[in-house]
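Read the structure below first, then the notes.
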Amino acid sequence: MTTSPTPRPIVARLWPSTLASQLIILLLAAIVAAQAFSIWIFQDERRIALVAAARDNLLSRAVSLAELMEDTPANLQDRILVASSSRFAVFWLGDTPLAPAPGKSRFERRLQGYMADRLEHGQTVHLNILADERRGPRGREAHDDDDPPRWRDVPRHERPANLRKIMNKPEDLSLSIRMSDGRWLNVATSYRPPAGDFLPLIVQLSITALLMVLIIGFAVRRVTRPLKELSVAAEKFGRGEQQPPLTPSGPSEVRSLTSAFNDMQDRLTRFVRDRTRMLAAISHDLRTPITSLRLRAEFIEDEENRDKMIETLEEMAAMTEAALRFARDDAQAETAENADLGAILEALAGDQQDLGHQCTVETEGRIVLPCRPVALKRALRNLIENGIRYGDRVSVHAARSAGEALIRITDEGPGIPEERLKDVFEPFVRLEESRSEETGGIGLGLAITRSIIHAHGGRIDLKNRPGGGLEADVRLPLGANK
C-alpha cells in the first residue's frame with residue numbers, strides 16, 4: 001500500500017523551484033522595494049519644498065501688500081486686494097482679525113518676528129499655522145486655549161466671496177496685520193501642492209525592472225546551466241552509466257565544482273574497474289586448485305570423507321563461478337536505455353510459470369524508466385526466485401509512487417528473523433545452515449541484487465509481512481520519463 005505525498009502549502013506551490021527563478025524574484029522584489037521607498041521619500045521632500053516655497057511667497061506678498069495699503073487711497077484698496085487674491089489665498093481688510101491672537105509656537109513666533117522686521121510702519125502681526133510641511137493639516141497645538149480661526153467668526157459684511165470655500169478646507173495659514181488706521185489686513189490660505197503624477201514613475205520603475213530581469217536572467221543562467229548539467233551527469237553516474245567528462249564553464253566556483261566532479265567520477269570508475277578485475281582474477285585462479293583437489297579427492301578410500309570433501313569442493317567451485325559471472329556482468333558496461341517495467345516483469349513471471357511455479361504480476365499503468373535492462377532483469381529475477389524457493393507462491397506489484405517506480409515482491413514463506421534482515425545483503429551470507437545450494441544458494445544473489453539496484457540510483461528494503469511471508473520493496477527513479 002503506497003502512501004500519498006503530503007500536500008504542499010499554497011505558498012510553497014506558487015514559489016518557483018528553480019534557483020534561477022528564485023534569484024530573479026528575490027532581486028526584483030528588492031529593487032522594487034528600494035525604488036518605491038526612494039519615490040516615497042523624494043515625493044515627500046518635494047511636497048515639503050513646495051509648501052515652504054508657497055508659504056514664503058505668500059508672506060512676502062502679505063508684507064508688500066500691507067505696505068502698499070498704507071500708501072493707497074481707500075477707493076483703490078478693494079481692487080488691489082481682489083487682484084492679489086487667488087484660488088489658494090484671499091486678502092481682505094476688516095475690523096475683525098482672522099487670527100485673534102499671535103501664534104505661540106516657536107515657528108510662528110519666528111515668522112511673526114521676520115514679518116515685523118520687514119514692515120516699515122511697525123504693524124502688529126498675528127500668524128497662526130494650522131498645518132506644517134511634514135505632518136500636513138493639524139490642530140492648533142500651540143493654541144490650546146483658543147479656538148482656531150473659522151470663517152464664521154468673520155462678520156458677514158466683511159467676508160470675501162471665496163473665504164468660505166478656502167477655510168472649509170484644512171487651511172495652512174491664517175494671518176492678520178494691523179494697519180495704521182486700526183483695520184486688519186487678513187490673509188487665509190489653504191495651499192496644497194498638486195497631486196503627483198505617478199505614471200512616469202511607474203513607467204521608469206517598469207523599465208528598470210525589465211532591464212534588471214534581463215541582466216539578472218543572463219547572469220543567473222550562466223551559473224545555473226552548468227549546475228543543471230552537473231546534476232544530470234551525477235544522476236546518470238549514480239545509475240551506473242558511463243559519462244564523458246564535463247566541460248567546465250561558468251564562474252570559477254562552478255568550474256572548480258565541475259572539475260572536482262570529473263576527478264571523482266574518474267577515480268570511482270577506476271576503483272570499481274580495478275576491484276572487478278581483481279575479483280575476476282582471484283576467482284579464475286581458484287578454479288585450477290579446486291579442480292586439482294577435486295581430482296585428488298576421488299582417490300580417497302574413505303567414502304564418507306570423500307563425499308564430504310567433494311561436496312565442499314563443488315560448493316567452492318559454484319562460488320567461484322558465481323563470482324566470475326558477477327565480475328563479467330559488471331565489466332560488460334551495459335548501455336542504459338528506456339525500458340517498459342511491466343514488460344520486464346511479465347517476461348520474468350512467464351519464465352517462472354513455464355517452470356511450473358506460481359508467479360503473478362500486476363502493474364498500475366505503463367511505467368517506463370531508464371535502466372540497464374539485462375542487469376535489472378537479473379536483480380528482479382533473484383528476488384522472484386528467492387521468494388519461490390522459500391515461499392512457493394510469489395506476487396509482484398508495480399506502481400508509481402512520488403516520482404519513483406515501486407516494485408513490491410511478496411511471498412508466502414517463513415520470512416526472515418528481524419535481526420537478520422540486513423545481514424542477507426552481505427556477500428556469501430546464508431540463513432540456510434545446511435550449506436546446500438539447492439536449499440540455500442551460495443549467498444550472492446541478494447548481494448548482487450542490492451548492488452544492481454543501487455547502481456540504478458534506487459534502494460531495496462525487506463520486511464516481514466504481518467500475515468506471514470517476506471515483502472521486498474524496490475524503488476527506482478523514473479527520471480524524466482514519467
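Residue numbers start at 1 and run along the sequence shown.
Within the structure, salt bridge (charged side-chain N to carboxylate O under 4.0 Å, His left out) contacts touching residues 244-268 (residues at least two apart or in different chains) are Asp266-Arg270.
Taking CG of Leu462 as the reference point, atom CG of Leu470 lies at 5.0 Å (rounded to 0.5 Å). Considering CG of Asn262 and CG of Leu230, their distance stands at 8.5 Å, rounded to 0.5 Å. Between Leu257 atom CG and Ser252 atom OG the span is 11.5 Å, to the nearest 0.5 Å. Separating the CG atom in Leu380 from the CD1 atom in Ile407 is a distance of 5.0 Å, to the nearest 0.5 Å. Between the CG atom of Leu246 and the OG atom of Ser259 there is a distance of 9.5 Å, given to the nearest 0.5 Å. Here the CZ-CG distance, from Arg55 to Leu111, works out to 7.0 Å after rounding to the nearest 0.5 Å.
Among all heavy-atom pairs drawn from Thr449 and Leu383, the shortest one is CG2-CG, 3.8 Å. Minimum heavy-atom separation, Ala297 to Leu313: CB-CD1, 4.3 Å. Heavy-atom minimum distance, Ala379 versus Ile453: CB-CD1, 4.2 Å. Closest non-hydrogen pair, His454 versus Gly458, comes out as CD2-O, 3.4 Å. When all heavy atoms are compared, the tightest approach of Ser401 to Leu406 is CB-CB, 4.2 Å. When every heavy atom of Arg372 is checked against every heavy atom of Ala455, the shortest pair comes out as NH2-CB, 3.2 Å.
For Gln265 (side chain) and Phe261 (main-chain N/O), no donor-acceptor pair under 3.5 Å exists by modelled atom type. Between the Ser231 side chain and the Leu227 main chain, no donor and acceptor come within less than 3.5 Å of each other. Within the 3.5 Å criterion, the main-chain N or O of Val254 finds a donor-acceptor partner in the side chain of Thr258.
Remark: Asn305 engages Asp302 in a side-chain hydrogen bond (donor to acceptor under 3.5 Å, both in side chains) (not counting sequence neighbours). Residues that satisfy the salt bridge (Lys or Arg N to Asp or Glu O under 4.0 Å) test with Asp340, not counting sequence neighbours, are Arg366. In this structure, the salt bridge (Lys or Arg N to Asp or Glu O under 4.0 Å) partners of Glu298, at least two apart in sequence or on a different chain, are Arg294. Partners of Lys308 by side chain to side chain contact (heavy atoms under 4.5 Å, CB included), not counting sequence neighbours, listed by chain and number: Glu304. Residues satisfying the salt bridge (Lys or Arg N to Asp or Glu O under 4.0 Å) criterion with Arg393, sequence neighbours excluded, are Glu412. Annotation: side-chain hydrogen bond (donor to acceptor under 3.5 Å, both in side chains) contacts of Glu418 (sequence neighbours excluded): Asn464. Listed by chain and number, the residues in a side chain to side chain contact (heavy atoms under 4.5 Å, CB included) with Ala398 are Leu341, Leu345, Thr363, Ile367 (sequence neighbours excluded). For Arg459, the salt bridge (Lys or Arg N to Asp or Glu O under 4.0 Å) test picks out Glu404, with sequence neighbours left out. In this structure, Leu295 has no side chain to side chain contact (heavy atoms under 4.5 Å, CB included) partners at least two apart in sequence or on a different chain. Glu362 is linked by a side-chain hydrogen bond (donor to acceptor under 3.5 Å, both in side chains) to nothing, counting only residues two or more places apart in sequence or in another chain. The side chain to side chain contact (heavy atoms under 4.5 Å, CB included) search around Glu471 returns Arg408, Thr410, Lys463, Arg465, Asp473, not counting sequence neighbours.
Inter-residue side-chain proximity for Val394 and Gln352 is flagged as unmet; no heavy-atom pair is nearer than 4.5 Å. Within the 4.5 Å cutoff, no side-chain heavy atoms of Arg400 are placed close to those of Glu364. With contacts defined as side-chain heavy-atom distances shorter than 4.5 Å, the pair Cys359/Ile384 qualifies. Using a 4.5 Å cut-off on side-chain heavy atoms (C-beta onward), Leu446 and Ile460 make no contact.
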Let's go through Arg378 and Val374 carefully: what are the C-alpha distance in whole Å and the side-chain angles of both, what is the deciding distance for side-chain contact (heavy atoms from CB on, under 4.5 Å) to 0.1 Å, and is it a yes or a no?
CA-CA 6 Å; Arg378 182 179 184 186; Val374 175; 5.9 Å; no

Using the side-chain contact (heavy atoms from CB on, under 4.5 Å) rule, take Leu376 and Leu476 through it: C-alpha gap first, then chi angles, then the decisive distance, then the call.
CA-CA 10 Å; Leu376 183 60; Leu476 298 170; 3.8 Å; yes

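Within a 6.0 Å sphere centred on CZ of Arg296, heavy atoms belonging to other residues, nucleotides or ligands number 12 at most.
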